[in-house]
Amino acid sequence: MSMEDIEKKWQARWREAGVFDAPTEPGEDKFYLMEMFAYPSGDVHMGHFRNYSIGDLVYRYKRMQGKKILHPFGWDSFGLPAEQAAIKRKIHPGQWTEKNIATGKSTLQALGVSYDWGREIATSRPDYYKWTQWVFVELYKMGLAYQKEASVNWCPECNTVLANEQVVAGCCWRHEDTPVQRKSLKQWFFKITDYAQRLLDDLDKLDQWPDAVKNIQRYWIGRSEGANIRFTIAETGDELPIFTTRPDTVYGVTFMAIAPEAELMKRLIARCPNRAEVEKYIANSASKSEIERVAEDREKDGMFTGLHVRNPYNGDLVPLFVADYVLAGYGSGAVMAVPAHDQRDFEFARKYGIEIKIVISPKEGVLDPVEMAEAFTLPGIMANSCGFDGQSSIEAKRAIVEFGEREGFAETAIQFRLRDWLISRQRYWGAPIPIVHCERCGTVSVPEEQLPVILPHVDDFLPKGRSPLADVPEFMNTVCPLCGGPALRDPDTMDTYVCSSWYELRYLDPRNESAPFDIAEAKKWLPVDMYIGGIEHATSHLLYFRFIAKVLFDLGYLPVDEPVVKLFNHGMVCDVNGDKMSKSKGNVISPMEIANKHGVDVSRTAMLFFAPPAHEISWNEDGMKGAERFLRKIDNFVAEGISRDRVAGALENMTPRDAELFKALNRTVKAVTGDIEGMSYNTAIARLMEFMNLISVEDMAESGIAFTIADTLARLIAPIAPHLAEELNERLGFEPFVIDRPWPSWVESLTVLDSIEIGVQVNGKLRGTIEIPTDSDKEGAMAVATQVPNIAKHLEDKKIAQVIYIRGRILNIIVK
RNA sequence: GCGAGCGUGGCGGAAUUGGCAGACGCGCUGGACUUAGGAUCCAGUGGACUAAAUCCGUGGGGGUUCAAAUCCCCCCGCUCGCACCA
């Protein structure tokens, strides 16, 4: 039977038997396995294939270990490309999406991936987004969803706002050459900052997450400890609060700086003596793109407001500048500037001739404000700081804040880099925000019984800078759920990351019409035991995913507040030259093409063998030959009609060759099991190849344990080459499925070799090898070693000073 | 610039965590079987010489150790993440 026929045969049988349907009562052996779901943008690509091959391997291995597994799949099917396709091809986004889902699904089925298709979901279908809207309403009711006017990222190409995570190097994540603009707009946010501390602290609980991801998240959350200090604007009496991590430098403040877009700036502008110039400066910086403002080589600039600020610590009066190196969205949007001890302030002061006042002296040497070439940012000894002089600056930090606390103008404070999550988008193909704006009642969330707010059919998707839904009167005009009066719907749709922030929960109970999921199902299956996907979602998806789980946990819907126990990031699949596959480069290889040519099992085995799963791989067609030969050899060796009585019994009753083979088989089972547990699939396959190199066709024809060998091999390759494994299993007379048979076990004592070859060194240089009993002692090893001519030669006329013998590893003879 | 990681044959990669560097595979060389081989099988394959012996060899330099790809220090190169977070 051809590989292709074998694949078709077993895929059909799996489907008919519903083998991958999750059990309803998984009990203690439950295992929730998830791969990141896919955006249906055409067909499955190599990256998906790798991701799902790894997941499928885990599934089959765990199943043979007796786990009761939930392994679902779905589609992250809202999003921009559907609209772009609609514009380009004049096909409705919904149609385009569903067509791609159908294609993708049939590909995954042809690849034999072990999904429970009965639980398939698609985020763009009303039975799913109804509950995405429910999630929104739950957050809204908790005060975690709110609207505010804010300076936001705007992509002129997408014609929509972007979340911070969707801005890459100052450009749009979907248009890498389009600089993001700043716009002040009223938008919906999720208050993820309320959870910043927990999201940070709980990273410590995630001991099975890659450190890389945890580090990226820690940095992204960006906790800083410092102080809030209230300065006052001399001319107006307004308070000017600032956050600083360096309260120890507060006596060195020689100017203050405020961001052009800062809330406070809007109020101050009317009071500025230099109003015209300040307004011009603000308008000018608003016109700059994010990328211009952030450019590394850009000189800092600013404009004196004409206002002055009083330092509450020493009464100093310093000028207030508006400067766009100050971030509006962090802290209060204003900073105290200490040129002597902050490099940014230093550069600014030098440019505008502002005083540089030294308040911390280095332990060695003296700073000269005129001569110094850069700010001194290290700890040191306090100076020019009233009563704090002479203290170490590290101690003074606390003392200065305490002093400010007593006087009532300062307190310790924590700041996070993390900003609230901007979730509204001015696009069509997304879940409508379930909010009604009523003139009388204000902002009202749509009651659960009125969900979903159905996305209406629209024909014109050309971006106009506002949501296409705004132009659909039938959609916009509604009645207020509270007062029944006329009201307008919110025209925006949600960021697709909202859809993917809770999808692991819908899989639990995907056809539930009265709730997003049954809490009983959540208790059965959560948390997700293993989640496999690329590392590119480290800050976005994976942070939102954790956040929403925590919110729903707080609301009592979930038994756990962290959704995923083990996270695994697989490496990318590149082309032969190591370049990223992309449509524009024209170097995309389709997994279906590969599978049609070589077979699914061969393609998978090759993919898994190329490199450890976490590594990036370069797809090299030549490398597939090894996998092909390997599987063919197994296919040939596990022949039809091997008698069932040719099984391994006691070692003493075997021929020497069989004993040798049986021990090798035991070692192989042990090694393969260990490698799979450690997700070292490439070496697991190498161990199997090694075993195949050891046995011969004659062995299989003559051996008294041929059946044991064949049976063990069939089971060992089940996670790697599942179709062939089923076929061999059937050939050996087992039924119905190899994955329902137990994973092979081994006898530990049989994995230990009787004798072992170790290297012998003289003065640390290898001079020969000896074969000795594995449990040989030092004297025994020496006795053998000294008989080896070349070793003896090096010992001649020398005095043995020391003998180092590590059992099973090395013998090192030190001579003088 | 800051943070994290990596650097091993012609190539992909192994190395029980300090103990024979190069498992396994690709490629290459030679041979067998063949009308034929881009099929299969066997053997070889880090370098310096053809063999034994010897020496060199895990980005470069130094160190610790009986012993270093592995640990420490310095340098070089690459990849990823972050980009004025006060």
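Only this structure's heavy atoms are used, side chains among them; waters, hydrogens and symmetry mates stay out. Just so it is clear: chains get the letters A, B, ... in the order the sequence lines come, proteins before strands, and each one is counted from 1.
- Anti is the glycosidic conformation of B:U8, whose angle departs from 0 by more than 90°.
- With both pairing distances under 3.5 Å, B:U65 is matched to nothing as a Watson-Crick or G-U wobble pair.
- As a whole-Å value, the separation of A:R667 CZ from B:U16 P is 18 Å.
- Using a 4.0 Å heavy-atom distance criterion, A:F609 is classed as a base contact.
- For the OP1/OP2 pair of B:A86 and a distance below 4.0 Å, the side-chain nitrogens and oxygens of A:Y325 include no atom meeting the criterion.
- Residues A:K214 and A:D204 are not paired through a salt bridge, judged by the lack of any N-O separation under 4.0 Å between the basic side chain and the carboxylate.
- For A:I814 and A:Q415, each mapped to the nucleotide of RNA chain B holding its nearest heavy atom, the one lying further toward the 5' end belongs to A:I814.
- For A:E757, whose side chain is taken as the heavy atoms from C-beta onward, the closest listed nucleotide among B:A14, B:C20, B:A86 is B:C20.
- B:C24 sits 31 Å from B:A36 when the C1' atoms are compared, rounded to a whole Å.
- Using a cutoff of 4.0 Å between basic side-chain nitrogens and carboxylate oxygens, A:R50 and A:E616 are not scored as salt-bridged.
- A:R767 comes within contact range of the sugar-phosphate backbone alone, with a heavy-atom separation under 4.0 Å but no base atom that close.
- Rounded to whole Å, the separation between the P atoms of B:G59 and B:G7 comes to 8 Å.
- On the P atoms, B:G22 is 12 Å away from B:A69, given to the nearest whole Å.
- Both distances falling under 3.5 Å, in either a Watson-Crick or a G-U wobble arrangement, occur for no nucleotide opposite B:G37.
- Considering only side-chain atoms of A:T769, the nucleotide from B:C55, B:A86, B:C20 that sits closest is B:C20.
- Between A:K625 and B:G27 there is a side-chain N or O to OP1 or OP2 distance below 4.0 Å.
- Taking only side-chain atoms of A:F610, from C-beta outward, the nucleotide of B:C24, B:G19, B:G12 with the closest atom is B:G12.
- Summarising the base pairing, B:C6 is matched to B:G77 through a Watson-Crick or G-U wobble pair whose two defining distances lie under 3.5 Å.
- Considering only side-chain N and O atoms, A:N215 lies nowhere under 4.0 angstrom from the phosphate OP1 or OP2 of B:C82.
- For B:A86, neither phosphate oxygen OP1 nor OP2 lies less than 4.0 angstrom from any side-chain nitrogen or oxygen of A:H341.
- Rounded to the nearest Å, the gap between the P atom of B:A51 and that of B:C33 is 27 Å.
- In this structure, A:E374 atom CD and B:G1 atom C1' are separated by 12 Å, rounded to whole Å.
- For A:D248 and A:R398, the salt-bridge test fails: no basic side-chain N is under 4.0 Å from an acidic carboxylate O.
- Contact annotation: A:R632 side-chain N/O to B:U40 OP1/OP2 distance is under 4.0 Å.
- Under the 90° criterion around 0 for the glycosidic angle, B:G9 counts as syn.
- B:U40 atom C1' lies 15 Å from atom CG of A:N693, rounded to whole Å.
- Taking the six-membered ring for Trp and the full ring otherwise, the centers of A:F409 and A:Y313 sit less than 6.0 Å from each other.
- Distance CG (A:L327) to P (B:C84): 6 Å, rounded to an integer number of Å.
- Between B:A86, B:G19, B:A39, one nucleotide has an atom nearer to the side chain of A:R629 than all others, and that is B:A39.
- Residue contacts shown for A:N790 are limited to sugar-phosphate atoms, with no base heavy atom under 4.0 Å away.
- A gap of 24 Å separates the P atoms of B:C28 and B:U34, to the nearest Å.
- Between B:A39 and A:K633, no contact under 4.0 Å exists linking OP1 or OP2 to a side-chain N or O.
- Cation-pi geometry between A:K300 and A:Y325 is met: under 6.0 angstrom from the ring centre, within 45 degrees of the axis.
- Between A:S618 and A:N763, the residue whose closest nucleotide on RNA chain B is further toward the 5' end is A:S618.
- B:G25 and B:U45 have their C1' atoms separated by 14 Å, with the value rounded to a whole Å.
- Across all strands, A:I216 comes closer than 4.0 Å only to sugar-phosphate atoms, never to a base (heavy-atom distances).
- Taking 4.5 Å as the limit, every side-chain heavy atom of A:N812 sits out of range of all side-chain heavy atoms of A:V803.
- When distances run from any side-chain atom of A:W220 to the nucleotides B:A23, B:U54, B:A83, the shortest one goes to B:A83.
- Between A:R182 and A:E261, none of the side-chain N atoms (NZ, or NE/NH1/NH2) sits under 4.0 Å from a carboxylate O, so this pair counts as no salt bridge.
- Here A:K765 lies in heavy-atom contact (under 4.0 Å) with sugar-phosphate atoms only.
- Nucleotide B:C82 forms a Watson-Crick or G-U wobble pair with B:G1, both donor-acceptor distances falling under 3.5 Å.
- Between A:F255 and A:Y352, the ring center distance fails the sub-6.0 Å criterion.
- Using a 4.0 Å cut-off, some side-chain N or O of A:H615 falls inside it from OP1 or OP2 of B:G13.
- Between the C1' atom of B:A21 and the CD1 atom of A:I810 lies a distance of 12 Å, rounded to the nearest Å.
- Between B:A14, B:G25, B:A53, one nucleotide has an atom nearer to the side chain of A:K793 than all others, and that is B:A53.
- Using a 4.5 Å heavy-atom threshold, the side chains of A:N587 and A:K580 count as separate.
- Here, B:G38 and B:G30 have their P atoms 13 Å apart, quoted to the whole Å.
- Of the side-chain N and O atoms in A:N620, none sit less than 4.0 angstrom from OP1 or OP2 of B:C26.
- Summarising the geometry, the separation between CZ on A:R809 and C1' on B:A68 is reported as 15 Å, rounded to the nearest angstrom.
- Backbone-only engagement by A:S224 is indicated by non-hydrogen atom pairs under 4.0 Å involving sugar-phosphate atoms exclusively.
- In this entry the distance linking NE2 of A:H794 with P of B:U54 reads 5 Å, nearest Å.
- Side-chain proximity of A:N812 to the nucleotides B:C82, B:A67, B:A86 is greatest for B:A67.
- Aromatic ring centres of A:Y544 and A:W421 lie closer together than 6.0 Å.
- Nucleotide B:A52 forms a pair with no other nucleotide shown, judged by Watson-Crick or G-U wobble geometry with both contacts under 3.5 Å.
- Regarding A:M624, its CE atom lies at a distance of 21 Å from the P atom of B:C24, rounded to whole Å.
- Pair assignment for B:C28 gives B:G44, based on Watson-Crick or G-U wobble hydrogen-bonding distances that are each under 3.5 Å.
- For B:A21 and B:U70, the C1' atoms lie 11 Å apart once the distance is rounded to whole Å.
- Under the Watson-Crick and G-U wobble criteria, each requiring two contacts below 3.5 Å, nucleotide B:A23 is left unpaired.
- A:D622 comes within 4.0 angstrom of the backbone, heavy atoms only, and of no base.
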